[in-house]
Amino acid sequence: MKKSFLPILACGLIASMSAHAAGLHPVKPLPGYTCMMLNLSESQMMDFQHPLMFKAGPSDDAANVAPASGQVAIKTGAEPTDGYLPTINFAFKPVWIEAKYVAPYHAKADPAATCVPVIMSDGKLGFDHPRR
């Protein structure tokens with residue numbers, strides 16, 4: 001009984017390890033979008049009572065949709081409309097963000113790091129960070 005159990009256990013462990021290795025990962029770049037990041041002070045980033053919000057439209061009066069993430073996928077070449085840039089949320093739904101609060105992606109800790117909006121293996125928006 002013990003001899004037949006070990007091969008089954010070993011196969012199960014190998015299968016679970018390969019399934020874990022195939023976890024969430026970038027599948028392909030998202031064409032038409034550029035990675036940008038929030039351009040907020042440290043105190044603004046830590047103000048959980050008043051987070052920067054994605055809006056339903058390009059207006060201060062538009063409904064808040066959700067808090068903005070630290071990185072955003074901005075439509076490539078888009079010009080602000082009433083001070084807002086078109087972007088998408090993690091489910092690829094169109095939302096807007098105030099242009100004055102975003103900047104081109106850069107990482108002070110790693111100047112060679114870049115950011116690319118991607119479609120993830122779960123079908124949602126993600127960001128890949130290849131090095132130059």
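Counting from 1, the numbers follow the sequence of the chain as shown.
Note: the hydrophobic cluster containing M37 does not contain Y101 (ILVMFWY, side chain heavy atoms under 4.5 Å, direct or indirect links). When hydrophobic clusters are built by joining Ile, Leu, Val, Met, Phe, Trp and Tyr residues whose side-chain heavy atoms come closer than 4.5 Å, directly or via intermediates, Y105 is not grouped with V102.
Two residues are said to be in side-chain contact when any heavy atoms from C-beta on lie closer than 4.5 Å; I119 and F92 meet this criterion. Between M36 and Q71, every side-chain heavy-atom pair lies at or beyond the 4.5 Å cut-off. Here the side chains of V118 and V27 are not in contact, with every heavy-atom distance at 4.5 Å or above. You'll find the side chain of V72 reaches within 4.5 Å of the side chain of F54, heavy atoms only. Counting only heavy atoms from C-beta outward, the side chains of P130 and V116 approach each other to under 4.5 Å. Between K108 and H106, some side-chain heavy-atom pair lies under the 4.5 Å cut-off. Counting heavy atoms from C-beta outward, S43 and M45 have side chains that stay 4.5 Å or more apart.
Smallest separation of non-hydrogen atoms from P26 and D128: CG-CG, 3.9 Å. For the residue pair M120 and L24, the shortest heavy atom distance occurs at CE-CG, 3.8 Å. Minimum heavy-atom separation, L85 to P80: CD2-N, 3.7 Å. Contact detail for F127 and C35: the closest heavy-atom pair is CD2-SG, 3.7 Å. Taking both residues in full, the closest heavy atoms of I88 and L125 are given as O-CD2, 4.0 Å, listed atom of the first, atom of the second, then distance.
Distance check: T34 OG1 to K75 NZ gives 10.0 Å after rounding to the nearest 0.5 Å. Between atom OG of residue S59 and atom CD of residue E98 there is a gap of 10.0 Å, rounded to the nearest 0.5 Å. For the atom pair CD1 of I97 and CG of N89, the computed distance is 12.0 Å after rounding to the nearest 0.5 Å.
Proximity of a side-chain donor or acceptor of K55 to a complementary backbone N or O of D60 within less than 3.5 Å is detected. N64 places no side-chain N or O within 3.5 Å of a backbone atom of A66 that could act as its donor or acceptor partner. A donor-acceptor pair is defined here as one N or O able to donate and one able to accept, closer than 3.5 Å; no such pair exists between the side chain of T81 and the backbone of Y84. The closest donor-acceptor contact from the side chain of H50 to the backbone of F48 lies at 3.5 Å or more, if one exists at all. Within the 3.5 Å criterion, the main-chain N or O of V95 finds no donor-acceptor partner in the side chain of T87. Side-chain N or O atoms of S121 include one that pairs as donor or acceptor with a backbone N or O of H25 at under 3.5 Å. Under a 3.5 Å cut-off, the side chain of K124 and the backbone N or O of F90 do not form any donor-acceptor pair.
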### Task
Test L38 against L52 for side chain to side chain contact (heavy atoms under 4.5 Å, CB included), laying out the working first.
CA-CA 9 Å; L38 296 186; L52 179 63; 3.6 Å; yes
